[in-house]
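Please read the structure below before turning to the comments.
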Amino acid sequence: MKNNNALLYFFVLLVSFLLFVPFIGNMHLFDWDEINFAECAREMVLTGDYSKVQLNFKPFWEKPPVFIWFQAVCMNVFGINEFAARLPNAICGILTLLILFHYGKRYFSLSTAVLWCLLFTGSILPHLYFKSGLIDPWFNLFMFLSVLQFIFTINNFRSRSVMWNAILTGVYLGLAVLTKGPVAIVIIGMVILISVFITKQTQFLISKNFVLLIASVILISMSWFGLMFLTGHSDVVHEFISYQVRLFETADAGHDGPLYYHLIVLLVGCFPASLLFLQGLKSTEIRSPFEVLFKKVMLVLFFVVLILFSIVKTKIVHYSSMCYFPLTFIGALYLSEHSYKMELFKRWYKYLYVVISIVLILAIILVCSINWLKPFIISGDFIKDNFALSNLKADVHWSGWEWSVVLPLISATFIFLYLKRFTNQQQIIYTGIGLYALFISLTLNVIVPKVEMYTQNAAIVFYQQVSSHKFDVDSYRFKSYACIFYGGRTPETFNDAEQIDFIEKQLIKAEREGHSRFSSYSTAYCDWLKYGNIKQPAFLVSKIQDANEIDELKTFKRLYERNGFVFFVRMPVNKLKVDF
């Protein structure tokens, strides 16, 4: 039996490794978030200062350091590149599937464990994030582990043996805070409060175990913030808190949306698990008290996250990513309970299933047909945005077979539509969800790199060229961290005394006008490249709609235009020759 268990865990490990690790470095990091965090890690490696997070070699207050540390470790081992930036989440994906399999098998059934892992990898967004350089996979894993330990704690909170479960609840929650911020306390705090009232275990809130939980949260989460205060960086902590409040009160960086935004994101982004979740909400199978408790807390977790981030003004896809754990769990539980039934989907769920499948299939086929459709789109004047239209004109090679990535999706769709015709339904379900995972993996490895060629590739290639000459480069009128990461900016970039004085005066002016000193720094550096007494060639990259503003300065020479980006150079007095 032990050998069989070891073999099962090894199989999960092997499959998750093959799904998440290969090809994660085959395309550039995406602006903003992926490059943002990778740049913070790169600056840790370059400066050797791992105590605080920096961006543009200035204190960065938006994120705590844990995930950045993971990336910095990988960069020290594998170099500063896309693979190293995304590897921490690939490792997180492997650990997540092992954890889901372990707890699903231990407390429910082998079928539930397998289906939970399959639904996590066979749903679009959960799979995608494990191949990204975003913070959320680790943040969500720490919160999920905290919720798990909380469930074990209240399952028998009067027992002395659960003391360590209470402590671990706080430790994992503290690590979540150090990964992304105090929003973890808001989420898990609400889950704990609602759960103890629903389960009628409010005495837990005045127990010794609850005190231990609170103490461990404070000890872990305040460790780094306390270090910032002790080392004279209290301003970073103040800015960090202000930023977290702003995310709740305003639509940050233009990321607003309707109240139902995350409902649509989860319905389509977690397909097909989302439809199974909707049906699993009404499941009435009789289960053990612990299984009932587990399901109740998972549902509380799902609705806390969904409601909270539906209310929050800032709407970003990954804000509701913590819902992936309870959503896929309820879906797996439903499948495990009903896989023997002839009709898995009720009629209107089946209609919705077909509609979403067709939309996904058509979307991929349309993207793969972009070179054929391009002349009609451009001549038809369907796109009014000049930048987007110029993106579309990029010269990207399509071999013609890329559309075949939808074949696993088509096969899986037929399997679920005609499931009742198969004799061994459970194995067919495993196969169907496995085909979804294959479709997602193929799409990410084949289609997404092509899409990147249309969107940001031209600018990143230019930044890399500038980096090879160690010249200064910045973006103009559009927010980008690519010019820093791929432009190879170093601390030495800011060693010029005249430049430092110029930027400091700009920052003082910005503060007088009520702007944040931190947020004004990139603007001040761009102004230096535009007006300062530069000692070497300075480059600016603008979107096509803003290029005339740089032309009007008369000090910049337009080099060329490509895929919606326009590239400029300003020469210093000594007029060095630059060949681009």
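In this chain, residues are counted from 1 in sequence order.
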Test log, rule side-chain contact (heavy atoms from CB on, under 4.5 Å), inputs Ile429 and Ile415: CA-CA 8 Å; Ile429 288 171; Ile415 283 175; over 6 Å; no

Atom [atom1] of [X] and atom [atom2] of [Y]: how far apart are they, to the nearest 0.5 Å?
X	Y	atom1	atom2	result
Glu337	Leu115	CD	CG	11.0 Å
Cys270	Ile124	SG	CD1	8.5 Å
Ile364	Ser404	CD1	OG	11.5 Å
Leu409	Leu435	CG	CG	9.5 Å
Asn155	Asn165	CG	CG	9.5 Å
Ile358	Ile365	CD1	CD1	11.0 Å

Going by heavy atoms in the side chains, are [X] and [Y] under 4.5 Å from each other?
X	Y	result
Ile433	Phe416	yes
Val177	Ile220	no
Gln71	Arg86	no
Ile356	Val359	no
Glu82	Ile24	no
Thr153	Met163	no
Ser310	Leu306	yes
Phe30	Val448	yes

[X] side chain to [Y] main-chain N or O, any donor-acceptor pair under 3.5 Å?
X	Y	answer
Ser321	Val317	no
Ser441	Ala437	no
Gln456	Leu29	yes
Ser336	Leu333	no
Ser221	Gly174	no

Under the side-chain hydrogen bond (donor to acceptor under 3.5 Å, both in side chains) test, which residues partner [X], sequence neighbours left out?
X	answer
Ser399	Trp401, Glu402
Ser123	none
Tyr129	none
Tyr436	Tyr353

Counting only pairs under 3.5 Å, give me each side-chain donor-acceptor contact of residues 184-200, with atom names and distances, residues two or more places apart or in other chains.
residue: Ser195; atom: OG; partner: Val191; partner atom: O; Å: 2.7
residue: Thr199; atom: OG1; partner: Ser195; partner atom: O; Å: 2.7

Heavy-atom pair with the smallest gap, counting every atom of [X] and [Y]:
X	Y	answer
Ile447	Cys368	CD1-SG, 3.4 Å
Ser274	Leu327	N-CD2, 3.7 Å
His318	Asp33	CE1-OD2, 3.2 Å

Residues that Ile370 engages under side-chain contact (heavy atoms from CB on, under 4.5 Å), provided they are two or more places apart: Ile377, Leu392, Trp398, Tyr454

Stepwise side-chain contact (heavy atoms from CB on, under 4.5 Å) test for Phe130 and Phe120: CA-CA 10 Å; Phe130 289 139; Phe120 221 94; 3.6 Å; yes

Qualifying residue, where the test is side chain to side chain contact (heavy atoms under 4.5 Å, CB included) with Gln149 and the options are Val171, Leu213, Leu168: Leu168

Between Asn391 and Thr455, a side-chain donor and acceptor under 3.5 Å: no

Distance-only donor-acceptor check, side chains Lys63 and Asn36, under 3.5 Å: no

Salt bridge (charged side-chain N to carboxylate O under 4.0 Å, His left out): pairs with one or both residues in residues 109-132, sequence neighbours excluded: none

Salt bridge (charged side-chain N to carboxylate O under 4.0 Å, His left out) pairs, two or more places apart, involving residues 355-373: none

For Phe376, all residues meeting ring-ring contact (aromatic ring centres under 6.0 Å, His included), sequence neighbours excluded: Trp372

For Tyr324, all residues meeting ring-ring contact (aromatic ring centres under 6.0 Å, His included), sequence neighbours excluded: none

Validation: residues 16-23 side-chain donor-acceptor distances under 3.5 Å, sequence neighbours left out:
residue: Ser16; atom: OG; partner: Val12; partner atom: O; Å: 2.8
residue: Ser16; atom: OG; partner: Leu13; partner atom: O; Å: 2.9

Less than 6.0 angstrom separating the ring centers of [X] and [Y], yes or no?
X	Y	value
Trp138	Phe142	yes
Tyr103	Phe294	no
Phe108	Phe329	yes
Phe67	Phe139	no

Partner of Phe277 by ring pair (Phe, Tyr, Trp, His ring centres under 6.0 Å), out of Phe302, Phe271, Tyr334: Phe302

Residues Gln279, Tyr349; criterion side-chain contact (heavy atoms from CB on, under 4.5 Å); working and verdict: CA-CA 8 Å; Gln279 297 200 131; Tyr349 286 104; 3.0 Å; yes

Residue pair Phe144, Tyr172: steps toward the ring-ring contact (aromatic ring centres under 6.0 Å, His included) verdict: CA-CA 8 Å; Phe144 177 68; Tyr172 287 128; over 10 Å; no

Stepwise side-chain contact (heavy atoms from CB on, under 4.5 Å) test for Leu266 and Cys323: CA-CA 8 Å; Leu266 293 172; Cys323 288; 3.9 Å; yes

Phe414 atom CZ, over 12 foreign heavy atoms within 6.0 Å: no

Whether over 12 other heavy atoms sit under 6.0 Å from Trp403 CH2: no

Give the table of side-chain donor-acceptor pairs shorter than 3.5 Å for residues 88-99, with sequence neighbours excluded, one pair per line with atom names and distance.
residue: Asn89; atom: ND2; partner: Ser132; partner atom: O; Å: 2.9
residue: Asn89; atom: ND2; partner: Leu134; partner atom: O; Å: 2.6
residue: Thr96; atom: OG1; partner: Cys92; partner atom: O; Å: 2.7

